[in-house]
Every structure is written in structure tokens, then in C-alpha cells.
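The next block holds one structure in the form of C-alpha cells; read it before the comments.
Any value given below was found using the heavy atoms of this structure, including those in side chains, with hydrogens, waters and symmetry copies removed. Proteins get letters first, then strands, A, B, ... in listed order; numbering begins at 1 in each.
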Amino acid sequence: MKPPLSLLNPNMPSGSGSLMWFRKGLRVHDNPALEYASRGSSCVYPLFVIDPHYMELDPDAYSPGSTRAGINRIRFLLESLADLDSSLKKLGSRLLVLKGEPSEVLIRCLNEWDVRKLCFEYDTDPYYQALDDKVKNYASAAGIEVFSPVSHTIFDPADIIEKNGGRPPLSYQSFLKLAGEPSFSLSVELSWTPPVGDVGRCEILQVPTLKELGYVEKHQDEFTPFRGGESEALRRLRESLSDKEWVANFEKPKGDPSVYIKPATTVLSPYLKFGCLSSRYFYQCLKDVYKNVKRHTSPPVSLVGQLLWREFFYTVAFGTPNFDKMKGNKICKQIPWNDDDKLLAAWRAARTGYPWIDAIMVQLRKWGWMHHLARHSVACFLTRGDLFVHWEKGRDIFERLLIDSDWAINNGNWLWQSCSSFFYQYNRIYSPISFGRKYDPNGNYIRHFLPILKDMPKEYIYEPWTAPLSVQTKAKCIIGRDYPKPVISHDTASNECRKKMGEAYALNQRLKGLVSEEDLRKLRRKFDEDEDKQEPKPRRQRQKLIK
DNA sequence: TCGCAGTTGGTCCA
DNA sequence: TGGACCAACTGCGA
């Protein structure tokens, strides 16, 4: 596989220092940038920059954490860094931690340290594209070789887009056809790395603890059960792969979203997000299992299929300007979503009055991880299914709270679930009542994450507002007092949503996607008028319920 | 232009 | 548990 952004200069002197800049790719296995940094260098500076903008405690945030990341993801990152430091120490090195705006820190290091090669994993996220351009330009002007290989994904998104005539494929099947079989070779296993060079006047930090960053235990009553780091990633991988039958028969849509003690999936997504696990290594391991079984499932539902979904979203995200927005995004339907902050707040706070939805939102806040179908349930509920709130608002909340939140995949899934792109069958709405009940009739998942409902009889646990007062009293949970009444009626709201989606789709079709702000305003006004005309009473009730 | 396929809907019924 | 039916979307390829 070619290193697409390497600026190789054969005339560079060898035997001098390299700077290995870790961002994602927090691992020593299959790390071509680290391998290249180590090769022929007299010293290597393995660096991670703590960006205060990402890590600093935000006391005003709606849940513990920084402005951009919930406490669970910060913790997961710190654990991953500590594990990386420990792995590097075994190789005769260590992780150098510095704090500050990353491009400024990098440029200072390149100035002060003995660096002839700058190595870092290529990153397609817009944040890193801009940052990397800045650092690369500086390094090139200073005569420093830059090596930036594609190793976060199996394929190079730019290659796929080029094969498709400059446009990203918009369906999974067309992606598969274009991508074909991947060709990569894993980087060699390192048995040692050159020692750390002289750091001069730079004040190097140890990997900080949550406490040192200003977070205290009281900020969170329950932490995610998933520990960060490459060692844990490889342990989880081995554990998943040990059950060959399970790997061979894996079918994503058949997974049970209500299982939480031993989740129905591998839960390797956070490790892939931070690059604690190489997606290429994971892919190769799965292929090895497939070789030794009689039959196995295939994409899109198989485990390899899941890795390819990741590749698909990375490719579309990389090739689509404004992928994370509705406006200016050519593949996104223009829909006049409402700006109901109260409904959004109820959803975020796990107080919609629908226990299945609220339990999932509690799991998000406490664990930073939920099953894929659980994510679908709450995303559909917030957007096209019930509340008709803009998908970008839900996306922001997921992005901050998920330990595996990944720019391309998170945005892709919100576009998908809101029927804004990729998927268009807006009539298929997840029921906030029957979808969960199908998997977990007794409501064990709800009882665990919403203990206020733990004594509610199973007949009522998915719709506790229908329980007679005597039952509510016996269950020590009065609806409207101890647990909220539903913020909307699902039957009414979902029918209204279907109608609105139909009208919005018709508008997009009529104007061939060129929908202006004024067009959207007009349609939004029409929705409001229709609602006032048809259901004035429920609307007032709804406002009352939210209070 | 048409027919088909599309990771994961809900409900009813046998 | 699986199939029929509901009501119907888009992208893709022929």
C-alpha cells in the first residue's frame, strides 16, 4: 500500500532524530508511522499533545467532561495513553506528553529538537486535515521529511473516490464493488525503538490522571465499564475471536440491543476510534477465522461487513463537503426540522417519559456506549420518528458522550437515521414501546438503567403511564411525579412526522435538491399551521408535560 | 424509464 | 419464529 502523503526525500541525512506524533493510532502493533520513525534513526521522540480545548474541564457543560468530550471518553483516552507509554517503555522508549495548541507545540518541538523525520498517521477528519496542513507546510519549509501513511483505515478513501470518477460511492454495495479486496501488509512487530532524544528546555509531562486534569470522582456516579488502551483492545479481540462459531455466524441486525452485561457485539469500536486496535489487523484476524470454518456470514451483516461500513462512511465523509451539516451538503435532504429545545433537553436528560428511550440515554451518559440498534431507536425518536428535532443536535450530543464517537461514522449514522441520506424509508419508524419489548419483554434493561421503574410490573414497564394508580403506588413510582409522563404521544407524533417527511421529500424532489432557506421557512410555517389547526389541545398539553 | 435492491419497522396471524 | 401485508422511499443499472 502506498504512503499517499509521504514527502520522501532520499537525500535526507539518515541516523538522526525522528518525531513520532501520536493522535489516534495509539498503539505499537501495525503502526507504519512508528516503524518508519524507528528505522535508521538515532533517536525517536514519541509525542502526544494534550489539547486543552478538548480536555479542559467545562463546569458549565450539561454533563461531566469538557466542552467537546464527556468524562468517559477523556478517561478512555488517558488510559490509552498510559498503556501506550507502558508499551513504549518495554521497547526502550516512553511517551512524551506536552500541553497546548497542537500545531504550536509541534512547531516548537520541530524547532528545538533534533528532528529530521516527522511521522504521523494520516487522518481524514476535517480537524486534522487543517491541522496537518499547517504542520506539514512548516516541516517541509524547514527541510524536515514528512511521512504520513494511511493506517487508520483499511482502504485509502482518496483511492476509492478517484476510482469512482472523483465522487464518493453513495451506497454500500457500490462501495464494495469499487473497493474490491484490500491489499496491505501489516507493519513489522517492533522489538525495540531508538531511545528518546534530548528534549532541551521542553517541560515534559507524565500521562495525567483525571484528577490532575481537574476532574473529581463526584463528577460522575458511574464510569464506563470499558477500559482504554491497546492491551485491553488486543485482549478483547482475542476473547471475541476465540469463539469461532460466533465470529462466523455474526449477523449485526440480529443482535439484541437490550443485553448489557455481555453485549451482543465485540465492543471494539472505541478501540478502533482511538486506533488502540488496527482495523487492518482486525480485518486480517477475521479473514483467518473465516479460512478455518465451513461457512460464514458476509457483508453487510458479518463482522468483516462492520469494518467495511466504517470504510464506507470514512470514504463518503472524506469526499463530501459539509458532510456534518444539512446546509451545503449535497447528499443531505433539506428538511425543516424544528428548534424545540425543550424536547431536545428532555431527550438528552433521559426524561422523555418513554422508558426504553430514557434507559438508552442513561446508558449513553453513564457508559458512553450503547448497542447499535439502541442508538437507532433514540436517533429515530429524536428526529424523523417522533420529536422532529434536527439531527445535528442529536449528533452533537452523541459526539460528546460516546466513547467511540467518530466524526465520519457518527455523522453518517445520523444522516442515515434521520432519512437525510443513504436511507429513505421514512415510514419505517422504530416504536419506542414495542421495539425494546420484542427483545426484552421483562424490561430488565430498563430496570437496570432506570431503577425508579425497577418494581413496575412487566405489563406496564414500556408504557408506565397506562398503569393504574394502585399499580404505580405499589411500584413506588408515580408517573408525573417520580417519572415523567410522555412528552408526546407516539401514535400522533409519528403520524405527523411521516406526513412532514413526505412533504419535505416532495419539496426536495420538486426543487431537485436546491431548497433555499426561504423554502424551508415556508414549509416549517405550514407544519406549524397544520399542527395548530388539527391538534391544538395536544400541543398545549405537550408544553405542559415538558415543564 | 423501469425494475430491483436496500444491514436491522410494525402488526397480525398461523 | 417466520411470513404476509402495509405503504412506499431512493439509487443504481439495464
Side-chain angles (χ1 to χ4, degrees), chain A residues 163-165 167-179 249-259 263-266 269 296-313 315-316 319-320 329-335 354 356-357 360 370-381 383-386 409 412-441 462-463 489-513 515:
Chain A
K163 271 191 198 169
N164 199 38
R167 291 177 316 275
L170 293 180
S171 75
Y172 185 74
Q173 293 304 332
S174 55
F175 169 83
L176 290 186
K177 271 185 207 157
L178 284 163
N249 296 319
F250 184 90
E251 282 186 73
K252 187 66 168 279
K254 291 195 177 164
D256 182 341
S258 70
V259 178
T265 55
T266 61
S269 55
H296 60 81
T297 52
S298 296
V301 296
S302 63
L303 273 175
V304 159
Q306 305 315 300
L307 277 175
L308 296 174
W309 276 107
R310 180 173 179 268
E311 301 290 316
F312 168 67
F313 283 128
T315 305
V316 189
T320 308
N329 180 349
K330 282 193 174 150
I331 67 166
C332 181
K333 293 259 182 250
Q334 303 298 303
I335 295 167
Y354 286 92
W356 170 246
I357 299 297
I360 296 168
M370 317 89 94
H371 186 276
H372 192 61
L373 289 177
R375 299 181 194 202
H376 280 204
S377 283
V378 293
C380 177
F381 185 84
T383 57
R384 67 181 171 87
D386 290 87
I409 301 170
N413 276 312
W414 278 94
L415 282 163
W416 186 295
Q417 268 317 308
S418 63
C419 281
S420 295
S421 198
F422 308 115
F423 174 77
Y424 306 96
Q425 289 178 268
Y426 57 77
N427 279 300
R428 294 189 183 173
I429 291 174
Y430 290 88
S431 162
I433 298 156
S434 50
F435 186 72
R437 185 147 57 194
K438 182 168 71 179
Y439 296 97
D440 179 17
Y462 285 88
E463 334 172 55
S489 141
H490 170 64
D491 286 344
T492 314
S494 59
N495 281 329
E496 277 174 16
C497 282
R498 281 193 179 93
K499 200 167 152 274
K500 287 177 187 170
M501 289 298 285
E503 290 187 44
Y505 267 41
L507 179 71
N508 279 264
Q509 200 170 50
R510 198 166 65 241
L511 300 175
K512 297 186 168 56
V515 181

Between atom NZ in Lys512(A) and atom P in dT10(C), what is the gap in whole Å? 13 Å
Could you state the CE-P distance from Met501(A) to dC9(C), rounded to the nearest angstrom? 12 Å
Under the criterion ring-ring contact (aromatic ring centres under 6.0 Å, His included), I'd like the reasoning laid out for Phe381(A) against Tyr430(A): C-alpha separation, chi angles, the key distance, then a yes or no. CA-CA 7 Å; Phe381(A) 185 84; Tyr430(A) 290 88; over 10 Å; no
Heavy-atom count around Lys438(A) NZ within 6.0 Å, excluding the residue itself: above 12? yes
Regarding Gln306(A), tell me which of base, sugar-phosphate or nothing describes its non-hydrogen contacts under 4.0 Å with the strands shown. base
I need the CZ-C1' distance between Arg510(A) and dT10(C), as an integer number of Å. 18 Å
Going 5' to 3' along DNA chain B, which are the first and last nucleotides with any atom under 4.0 Å from a heavy atom of chain A? dG6(B) to dT11(B)
Per the under-4.0 Å heavy-atom filter, residues of residues 422-432 of chain A near DNA chain B come out as Gln425(A), Arg428(A), Ile429(A), Tyr430(A), Ser431(A)
For a quick check of understanding: with a heavy-atom distance under 4.0 Å over all strands, which category does Lys438(A) fall into, base, sugar-phosphate or nothing? sugar-phosphate
Length of the CD-C1' vector between Glu503(A) and dC9(C), whole Å: 16 Å
Can you check the distance between dA5(B) and dA8(C), where both ends of the measurement are the C1' atom (answer in whole Å)? 14 Å
Strictly below 4.0 Å, N to O, side chains only: are Arg510(A) and Glu503(A) in salt-bridge contact? no
May I ask you to decide if Ile409(A)'s main-chain N or O and Asn413(A)'s side chain share a donor-acceptor pair within less than 3.5 Å? yes
Any side-chain N or O of Gln509(A) below 4.0 angstrom from OP1/OP2 of dC9(C)? no
For DNA chain B, the dot-bracket pattern of Watson-Crick and G-U pairs whose distances stay under 3.5 Å, | for other-strand partners: ||||||..||||||
